[in-house]
Structure formats: structure tokens, C-alpha cells
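Chain naming here is simple, since letters A, B, ... match the order of the sequence lines and numbering starts at 1 in each.
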Protein chains: 2
Amino acid sequence: MTIAGFDSRQLALFRTVVEAGSLTAAARRVHVSQPAVTAAIQKLEGALGVTLLERSARGVTPTDAGRKLLGHARAIDALMSEAVADVTERHEPLGPLVIGASTTIAAGLLPTLIARFRELEGDVGVRLVVGNTGEILDQVRSRELPLGLVEGPSRAPRIRLERFGDDTLLPVVAASRERRIALESTPVLWREVGSGTRAVVEKALRRRGRRPLPMDLELGSTAAIRRAVALGLGLGFLSRWSIGDALDAGRVRVAPLPDLAIERRFSWASASGELTGTAARFRAFAQRERPSLGH
Amino acid sequence: MTIAGFDSRQLALFRTVVEAGSLTAAARRVHVSQPAVTAAIQKLEGALGVTLLERSARGVTPTDAGRKLLGHARAIDALMSEAVADVTERHEPLGPLVIGASTTIAAGLLPTLIARFRELEGDVGVRLVVGNTGEILDQVRSRELPLGLVEGPSRAPRIRLERFGDDTLLPVVAASRERRIALESTPVLWREVGSGTRAVVEKALRRRGRRPLPMDLELGSTAAIRRAVALGLGLGFLSRWSIGDALDAGRVRVAPLPDLAIERRFSWASASGELTGTAARFRAFAQRERPSLGH
DNA sequence: GATATGCCATAATCAATTCTTATGACCATC
DNA sequence: GATGGTCATAAGAATTGATTATGGCATATC
């Protein structure tokens with residue numbers, strides 16, 4: 001399939017570029033680097049044999065050919081969405097959604113996602129099994145769960161893993177706190193021992209030389225941490241996926257400690273082979289919805 | 001751009017699968033392996049959360065969702081071609097096409113390609129510079145030529161190389177020859193020393209232990225070799241791209257020496273950066289046309 | 001019914017594309 | 001001129017996507 005070098009994703013990107021007015025802005029919008037956009041557009045131009053954009057120091061503007069292509073790109077975009085909508089349309093009522101998730105995800109990400117899914121699909125029943133990553137993986141392996149959404153692992157035996165997206169654990173403090181945060185003397189709000197989130201946070205802090213202090217607090221859930229942060233009790237770590245509301249409300253803000261942003265991955269887990277019915281539908285839905293979730 | 005997992009190439013492949021009636025047949029048609037098709041369709045099904053094909057031992061048939069998607073796939077295909085045609089449409093008359101090519105390509109592939117290009121674009125002037133690969137690359141580097149199409153190299157300094165496609169040098173004999181070919185005692189029809197084609201053929205034959213014989217013939221062009229093969233003078237090597245007519249005419253056939261099929265690559269060469277005008281247009285055209293050229 | 005044939009699925013491996021980071025050149029604006 | 005924005009290039013890493021090899025399963029054939 002190396003033949004064409006011309007597909008709808010390139011067109012969608014081209015559209016974004018024109019609408020954003022610059023390669024850089026488009027790159028930001030789709031969360032890739034600017035050179036990636038440069039390369040993709042060049043490839044598209046090469047495939048068509050036509051210059052599509054007039055480059056300048058202030059951005060890009062479409063050439064005549066580019067303007068023509070823009071129209072087609074929009075039409076194709078529309079047709080693609082229509083195809084998804086049409087094919088995805090359900091005829092028989094869906095069975096309940098059975099899904100396992102690790103704590104952070106179950107608390108932060110899934111509620112939104114499930115709510116939107118039910119908006120679209122009607123009142124599907126939901127059984128959400130919460131556990132740590134290992135527990136969920138085991139239950140997927142033994143077919144107790146058709147589908148899991150977990151933090152971290154990049155591979156697990158006898159299981160099919162697919163990437164959901166990347167997450168960032170951001171250091172946050174109360175919005176009222178002074179600008180400079182002294183890492184050594186600010187209380188840290190921990191999750192309980194055994195939590196996957198705690199493990200990665202511990203590791204990252206140790207790398208920075210931060211040792212546990214008596215003034216640190218240990219809390220049993222992400223929600224508790226969020227509340228504690230808002231109350232000014234210290235520095236907490238919150239997932240980018242679950243942080244939105246708190247930021248919007250203006251109660252908390254991201255601490256100016258850029259080295260402390262912790263990257264990790266969320267992955268789908270399913271038993272090898274066939275994923276069907278409600279679970280398949282939910283996974284596909286979530287995957288499409290993802291770009292609109294995190295900021 | 002890892003977000004969607006859903007693009008027009010997947011749809012085009014899906015369409016091919018349904019129209020071919022089986023994954024295997026579709027794989028043959030698009031020249032990829034069957035597992036590649038399996039994987040691509042699975043990915044598409046995953047992205048939509050829907051089963052598209054009913055698998056059986058006799059092939060595949062679309063499900064309801066699959067039939068719906070097929071319609072959309074056709075529509076999108078059509079729209080994509082329309083977009084290409086529209087954007088590619090020319091307003092000002094094109095300048096002459098200036099292109100360099102190595103001997104085999106200039107003789108075997110380019111005439112067809114240029115003819116079709118002119119059918120589409122009108123009577124564009126053509127200046128075709130023939131030379132061996134190194135000579136062409138030098139002239140591209142020095143900007144004497146905007147574009148070259150050459151055999152072989154996978155990289156060259158200060159030059160942008162892009163893949164045109166893969167070529168196979170097939171061992172051919174007269175159709176009238178007996179089935180079994182004794183490599184040791186059959187005369188080989190060589191190109192002259194210095195030819196890129198000769199170099200790779202020599203290497204391949206040496207690996208098989210075949211030494212030059214007094215009965216071998218040396219000829220100055222691909223056309224001469226093709227004629228000599230048809231006349232039964234011995235074993236020749238012809239490019240898959242240029243062999244079509246001779247095979248069709250029934251004068252020659254591929255010799256049953258599968259280990260002797262020699263793979264090599266054809267590449268576009270252009271100066272770093274901007275390729276515009278007629279050359280850009282020709283390259284894009286050729287790239288789209290390619291699937292219909294070789295067998 | 002045994003056996004063979006053809007189709008699809010999986011696993012392991014390798015090659016190719018695509019992305020990222022780092023950097024440079026260029027143009028506007030202060 | 002500096003500064004801050006833009007786009008382009010290069011080199012490396014990561015992801016994707018291909019390939020070959022193999023196995024299961026259903027239909028067809030003897």
C-alpha cells in the first residue's frame with residue numbers, strides 16, 4: 001500500500017492548515033510537531049505535482065490549486081463522517097457495556113466518556129469493574145472482561161493491547177498559592193501505596209531529589225487529592241484527562257515545575273481476536289471522541 | 001496523526017476486498033500478502049467498532065454494515081479522483097518536460113509514460129537526457145536537470161531521492177524453447193560493460209556459479225536483447241516494466257529459473273527542495289499511473 | 001469418512017514510514 | 001539591528017506496516 005501517497009488524512013490535515021492559517025498553528029491544533037506538518041504537506045504537494053500553499057513569514061495562504069483542493073477536502077471530510085455515522089448506526093438494542101478500568105481512569109476519564117456514549121446510544125447498561133492494572137489485565141485474559149482500559153503497560157502476554165492515548169500527570173497547586181513553588185518544603189499529596197499513579201510519581205520525585213516529608217498527606221482517591229489541592233493543602237498530581245473542570249473553575253493551576261510532567265500511556269486491553277458488540281462499539285467511539293477530551 | 005486509524009486507503013482496500021470476494025483475492029489484486037489485508041480490515045473494523053465481513057471458508061461477504069460502508073467507500077473513491085483531476089487541471093500551458101533517465105528506463109518505461117502524459121496534457125515539449133545512473137544524478141545535483149528517474153541507488157548526497165517502484169529483471173527465453181533450461185549451457189545475452197543492468201545480472205549469475213561462455217552474446221540495447229531472445233538466441237534479462245508487449249505477442253516467456261529474478265528499485269531524483277512546474281506534474285502523474293504499468 | 005485444497009487468523013521478524021528534537025534561514029516588527 | 005514569529009532541514013527514535021511461516025477450519029473430492 002505504498003503506492004498512492006494520497007489519502008484522506010492528508011486532506012484533513014491540509015484543511016486544518018488552511019483554516020489555521022499556518023503550519024505551526026495547525027501542528028499545535030492536532031498535537032504534532034511543526035516539522036511533521038511540513039513534511040506531510042510537502043508529500044501531498046508531491047503526490048499532486050502542484051504547489052498548494054504560498055509560504056510567508058506570517059503563515060501560509062492557499063494557492064489557486066490549494067483553494068480548489070480545500071473544497072474537495074471539506075467534501076471528503078463530510079463524507080467520511082457520514083460514513084462513520086451511517087455504519088455505526090445501531091439497529092438492535094445494545095447489550096450492557098462491560099468494561100474494566102484502573103482507578104484513575106475509572107474516576108477521571110470514563111464517566112465523561114460513558115455519559116457521551118449513552119447520549120448517543122441510549123440507555124445502555126454499564127458494569128464498570130475497577131481494579132489496578134494487573135487485576136484488570138488478569139480478568140481480560142480470563143475472559144471475565146471483554147475490554148479493559150488501563151494505565152501503562154506496553155505489552156502483556158496473551159492479550160491484545162492497543163494504544164488509547166498518552167496521558168500527562170501534571171503537578172498542580174491551589175490557584176491562590178504564590179508563583180514559586182519550593183519543592184523541598186511544599187507538602188505533597190500522595191495516593192495510597194499500591195496505586196500505579198503513586199509509583200510513577202514517587203519515581204519522578206526521587207529523581208529530583210525530593211524525599212518524603214512528615215508534612216506530606218496520603219489520600220485514597222484522585223477526587224480527594226483534587227479537593228485537597230484546591231484547599232491549598234499542598235502539591236498534587238492530576239491526570240491531564242481529569243483535570244479540566246478543576247482548572248476551569250479556577251481553583252487550581254499547574255505548578256511551574258515543567259520537569260515534573262510525567263508521561264504515561266493509556267491502553268485498551270482485549271482478549272486476542274474478536275471484540276464485538278457493545279464493547280467494540282464503545283472502544284471505537286472512545287477512540288474517535290478522544291481528541292475532544294483532553295485539552 | 002495516530003488518532004483516527006480510519007482513512008480513505010483503508011476504505012479503498014475494503015472495497016477491493018468486497019469486490020474480489022475474498023481477502024486472498026484482494027491481496028493478489030493489490031500485490032500485498034494476505035495477512036496484510038487481514039490486518040488492515042481488522043483495523044478498520046476496530047476503528048468503527050463494527051463487524052464488516054462475514055468470513056467463511058469460501059471467502060467473505062459483507063455484513064449489513066459492510067454493505068452500507070461499501071457505498072460510502074465508492075463515493076469517497078470517486079470524490080478523491082475528482083479532487084485529483086480538478087486540482088491537477090492546468091490553466092497556463094506547460095513548459096517543456098526536462099527529465100533525465102538511465103538507459104533501461106528511457107527505453108522501456110518512459111516512452112509509454114510520456115505518451116500518456118501528453119495525451120492528458122497536450123503537446124508538451126520533451127527533452128529526455130539519457131545517461132547511466134551516476135551521470136544523471138550528477139546533472140540533477142548541478143541543477144542541469146530538475147528531475148531524474150534512475151535505477152538503483154537508495155541514497156545519494158545532496159539529492160532528494162524518492163521511490164518510484166520496484167522492478168524485477170526477469171530471465172526470459174524464446175517461447176519455442178524447451179521447458180528445462182540448463183543454465184550452464186544456454187547462451188546469455190548481455191548488455192555492454194558499464195551498463196547498470198549488466199552489473200546486477202553479472203552479480204546474480206555469478207552467485208549461481210554461471211561463468212561467461214564463448215557462446216554468450218553482447219548487445220548494446222534492451223531492444224536488441226528482446227529481439228535476440230525472440231529469435232531463440234539465448235537467455236536474456238528484461239525489466240518487468242518493459243516486457244509486456246513481448247509476452248503478449250507470445251514470442252518470449254519467462255524462464256523457469258525463479259531464483260534468478262533480480263529485484264532492484266527505480267527512484268526519482270530531484271534537487272533538494274522545490275520541484276515545480278512540468279517536472280513536478282509529470283512525477284505526480286507517473287506515480288499515479290504506475291499501478292497500471294507493470295503487470 | 002479420510003484426505004486434500006483453499007481460506008482466514010496468528011506470530012515473529014524486518015523494513016519502511018512518520019514522528020520528534022535540534023537547528024538554521026528568513027522575514028516582519030519593534 | 002535585535003527579537004520573535006514563520007517555515008525548512010537533518011538525524012535519530014518510535015510506530016506502523018509489511019513479510020514469511022504456520023495453524024485451524026470448512027468445503028470439496030475421492
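In this structure, the CG atom of L161(A) is 13 Å from the P atom of dT15(D), given to the nearest Å. The nearest whole Å value for the distance from the CG atom in L52(B) to the C1' atom in dC8(C) is 16 Å. Here dG6(C) presents its C1' atom at 10 Å from CZ of R28(B), a figure rounded to the nearest Å. Straight-line distance from the NE2 atom of H31(B) to the P atom of dT19(D): 12 Å, rounded to whole Å. For the pair R163(B) CZ and dG17(D) P, the interatomic distance rounds to 16 Å; values are reported in whole Å. In this entry the distance linking CD of E54(A) with P of dT6(D) reads 18 Å, nearest Å. Going from atom CD1 of I41(A) over to atom P of dT9(D) covers 14 Å, rounded to whole Å. With rounding to whole Å, Q42(A) atom CD is found 13 Å from dT18(C) atom P.
Among dC8(C), dT20(C), dT16(D), the nucleotide with an atom closest to any side-chain atom of V60(B) is dC8(C). Among the nucleotides dT20(C), dC8(C), dA8(D), the one closest to the side chain of R55(B) is dC8(C). Closest to the K43(B) side chain, of the nucleotides dG17(D), dC8(C), dT20(C), is dG17(D).
For D138(B), the side chain to side chain contact (heavy atoms under 4.5 Å, CB included) partners two or more places apart in sequence, or in a different chain, are R141(B). In this view, R29(B) satisfies the salt bridge (Lys or Arg N to Asp or Glu O under 4.0 Å) rule with no residue, not counting sequence neighbours. Residues satisfying the salt bridge (Lys or Arg N to Asp or Glu O under 4.0 Å) test with R67(A), not counting sequence neighbours, are D64(A). In this structure A280(B) satisfies the side chain to side chain contact (heavy atoms under 4.5 Å, CB included) test together with L275(B), sequence neighbours excluded.
Among the heavy atoms of the strands lying under 4.0 Å from S33(A) is at least one base atom, whether or not backbone atoms are also near.
Here the OG-CG distance, from S8(B) to D7(A), works out to 4.5 Å after rounding to the nearest 0.5 Å. Remark: L13(A) CG to L44(A) CG distance equals 8.5 Å, nearest 0.5 Å.
Contact annotation: R265(A) reaches the phosphate of dT15(D) (side-chain N/O to OP1 or OP2, under 4.0 Å). Side-chain N/O atoms of T38(A) include one lying less than 4.0 angstrom from OP1 or OP2 on dA8(D).
Note on the helix from dG1(C)-dC30(D) to dC30(C)-dG1(D): angle between the axes of the first and last five pairs equals 30°, rounded to 10 degrees.
Between the side chain of S267(A) and the main chain of L161(A), no donor-acceptor pair closer than 3.5 Å is present.
A salt bridge is absent between E162(B) and K43(A): the closest approach of a Lys/Arg side-chain nitrogen to an acidic carboxylate oxygen does not fall below 4.0 angstrom.
Ring-plane geometry between W268(A) and F164(A) is classed as perpendicular, the angle between the planes exceeding 60 degrees on a 0 to 90 degree scale with a lower cut at 30.
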Once base and sugar-phosphate atoms are separated, protein heavy atoms under 4.0 Å mark nucleotides 22-30 of chain D, 5' to 3', with B, S and - as ----SSS--

